[in-house]
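Inspection log for the structure reproduced underneath, given as structure tokens.
Residue numbers start from 1 in every chain, and the chains themselves are labelled A, B, ... in the order their sequence lines are given, proteins ahead of strands.
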2 protein chains.
Amino acid sequence: MDQVLSSVRNGCKLLKMFLDGPPEMGVTELSKRLQLSKGAVHKLLTTLESEGFIRKNEKTKQYTLGYTLLELGDKVIKNHDIVAFSTPYIQRLLARTQELVVLCIQDGKDAIYVSKADSPHPIRFTLETYRRFPMYSTSASRVLLAYRTPEFQDEILREEIKGYTPHSFTSVEEIKQNLQDIRERGYEFSSNRRNVGVTGMAAPIFDSTGEVVASISVIGPSDRVLPQQDVIRNELLTTVQEMSAELGYRYQLTRPVL
Amino acid sequence: MDQVLSSVRNGCKLLKMFLDGPPEMGVTELSKRLQLSKGAVHKLLTTLESEGFIRKNEKTKQYTLGYTLLELGDKVIKNHDIVAFSTPYIQRLLARTQELVVLCIQDGKDAIYVSKADSPHPIRFTLETYRRFPMYSTSASRVLLAYRTPEFQDEILREEIKGYTPHSFTSVEEIKQNLQDIRERGYEFSSNRRNVGVTGMAAPIFDSTGEVVASISVIGPSDRVLPQQDVIRNELLTTVQEMSAELGYRYQLTRPVL
DNA sequence: AACATCGTTCTCTATTCGTGAACAAAAATC
DNA sequence: GATTTTTGTTCACGAATAGAGAACGATGTT
């Protein structure tokens, strides 16, 4: 029945409080946010501190995330084959397009940018890596979503859709149509959708089983990207096809017909 | 009495298993390493998985570290003032010395390199950031240790000392002497000690209270570093003095006399 | 096809978790 | 500087659960 350890879950939730909360918090503040008693929070904190997951500022008696999380987070990247594998391709794509290149993967119901190469231009589009976001919200994550099962897509789209710009999607029907477009086209092209004045293209990377394991996106200011969109599209598609081929994917034989 | 939550501690220890173990592990292997029943490990894993701290490979039924740890690890760096503060200084020091520059901090009984700038030379000394190591083992961490209380130093040195090279320290007395040298000299110079053919220099950064908050080390191949050691020492000391001054440390007034 | 091994589920009891109150130690207020 | 408020920490207790161990079911191996 009960497959979850409540105190472990509380410990996890406590750590995650620091993702959106202030960098340092006290026992009382955490107990309010977690809706747990001060005593329980205090026990959680001392336990997590003894393991290096939490660090205590002895002067202010406030608590912060500990350095063990730094080690673990670093391991996630080091253990992740696709990140190491993609690095040279991302670098090459940056060299050829001169715009931001990001690698996007799926984790549960969310998407995450796990690797990037910044544009050398002084005015450039930037984004934060390692933070989760909804799968319907960016071109790279929509490419991932486009190749998932219809059931999974519905599950994702059941969540509330927030419009970011006048050009953002507002209805579920609109996104479902977009996902079909992506599959037919083989990539996503998105201009001024989430951010005004920003244009991005994204394409999927397949592995030997035909699964989409990641997507790559090239994003930049519309006034630089739109004039050279044919070049960028060409470089992007060449890159993901090379990567997929190296992973054992056969484009001719198993081209997806969803 | 009991200030520690056993299941939370078990969860932490489970996650840390992946630091030195294989990148993917199953229930049985983890239960053996943790000396817990399979059922208990399974509950830990499902709980940690539901919070994104563990990821399950559905094909192999094996478990790995989850992406939430990536977010949290990234936050540790982002929240850490000294890292952001030191970045421009580290970059400048790299530009002037052309050798590896690292920032070292203390965490409990360990030391960690939290930031670095790699040498542009094709042959260069490199090291891994974010991993903990004993405070007596590198020049940067010995600088940190040198400004701690004698009680703390003894606590650290009580641990077993492992010699890395023929020039490494072998006795506690030898290290205590070295710590005193560092305080008198104001920096550490270490040639061929831990790694043959490698020379490094390290110096402390003080804050307004006179505490050493971090140390900076410049490390490179001995045949490049030794000929220009005066230049490197000068640049290093200038840098840490500037940083300490910016943090509010007064060299004249509060020079430590330990 | 029989076997071994692994992940998962189940039941049960000793253990422990979380609460709420009390205490102590700082901060903030006057 | 004294008082009040707020904070971190400790404690005791009852309800909840964590962990052991065995059994099940699913893989993959010989």
Problem - Protein-nucleotide distance (B/Leu36, atom CG; D/dG21, atom C1'), rounded to Å - result: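 Checked: the CG to C1' distance equals 13 Å.
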Under 4.0 Å between a Lys/Arg side-chain N and an Asp/Glu carboxylate O for [X] and [Y]?
X	Y	result
A/Asp107	A/Arg132	yes
B/Asp154	B/Arg158	no
B/Glu128	B/Lys116	no
A/Arg33	A/Glu29	yes
A/Asp20	A/Arg131	yes
A/Glu211	A/Arg148	yes
A/Glu49	A/Lys56	no

Practice task
Have a look at A/Gly39 and say if it touches a base, only the backbone sugar-phosphate, or nothing, with a 4.0 Å heavy-atom cut-off.
Solution key: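 Base contact - A/Gly39 has a heavy atom under 4.0 Å of at least one base atom.
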Exercise for the section: Could you tell me whether A/Ser37 contacts a base, only the sugar-phosphate backbone, or nothing, with contacts defined as non-hydrogen atoms closer than 4.0 Å? Expected result: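 Base contact.
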Exercise for the section: Please tell me if the side chains of B/Leu30 and B/Met17 come closer than 4.5 Å, counting only heavy atoms from C-beta onward. Expected result: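 In contact.
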Handout entry: Main-chain N/O of A/Ala202 paired to A/Ser217 side chain as donor or acceptor, under 3.5 Å
Key =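 Checking the backbone N and O of A/Ala202 against the side chain of A/Ser217, no donor-acceptor pair under 3.5 Å is found.
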Handout entry: Strand-adjacent residues in residues 27-34 of chain B, judged by heavy atoms under 4.0 Å from DNA chain D
Key =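 Residues of residues 27-34 of chain B under 4.0 Å from DNA chain D: none.
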Handout entry: base_contact_polar (D/dG8 base, A/Lys38 side chain, donor-acceptor, <3.5 Å)
Key =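 Such a pair is found, so the answer is yes.
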Problem - Proximal nucleotide (of C/dG18, D/dA18, D/dT9) relative to the A/Ala40 side chain - result: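 Out of C/dG18, D/dA18, D/dT9, the nucleotide with an atom closest to A/Ala40's side chain is C/dG18.
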Practice task
Taking only the side-chain heavy atoms of B/Gln62 (C-beta and beyond), determine which of C/dG18, C/dG7, D/dG19 contains the nearest atom.
Solution key: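 Comparing C/dG18, C/dG7, D/dG19 against the side chain of B/Gln62, the answer is C/dG7.
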Practice task
Take the C1' atoms of the five end pairs on each side of the helix from C/dG7-D/dC24 to C/dC30-D/dG1, get both axes, and report the angle to 10 degrees.
Solution key: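 So the angle between the two local helix axes works out to 60°.
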Distances for protein N or O near nucleotides 26-30 of chain D N or O, under 3.5 Å:
none

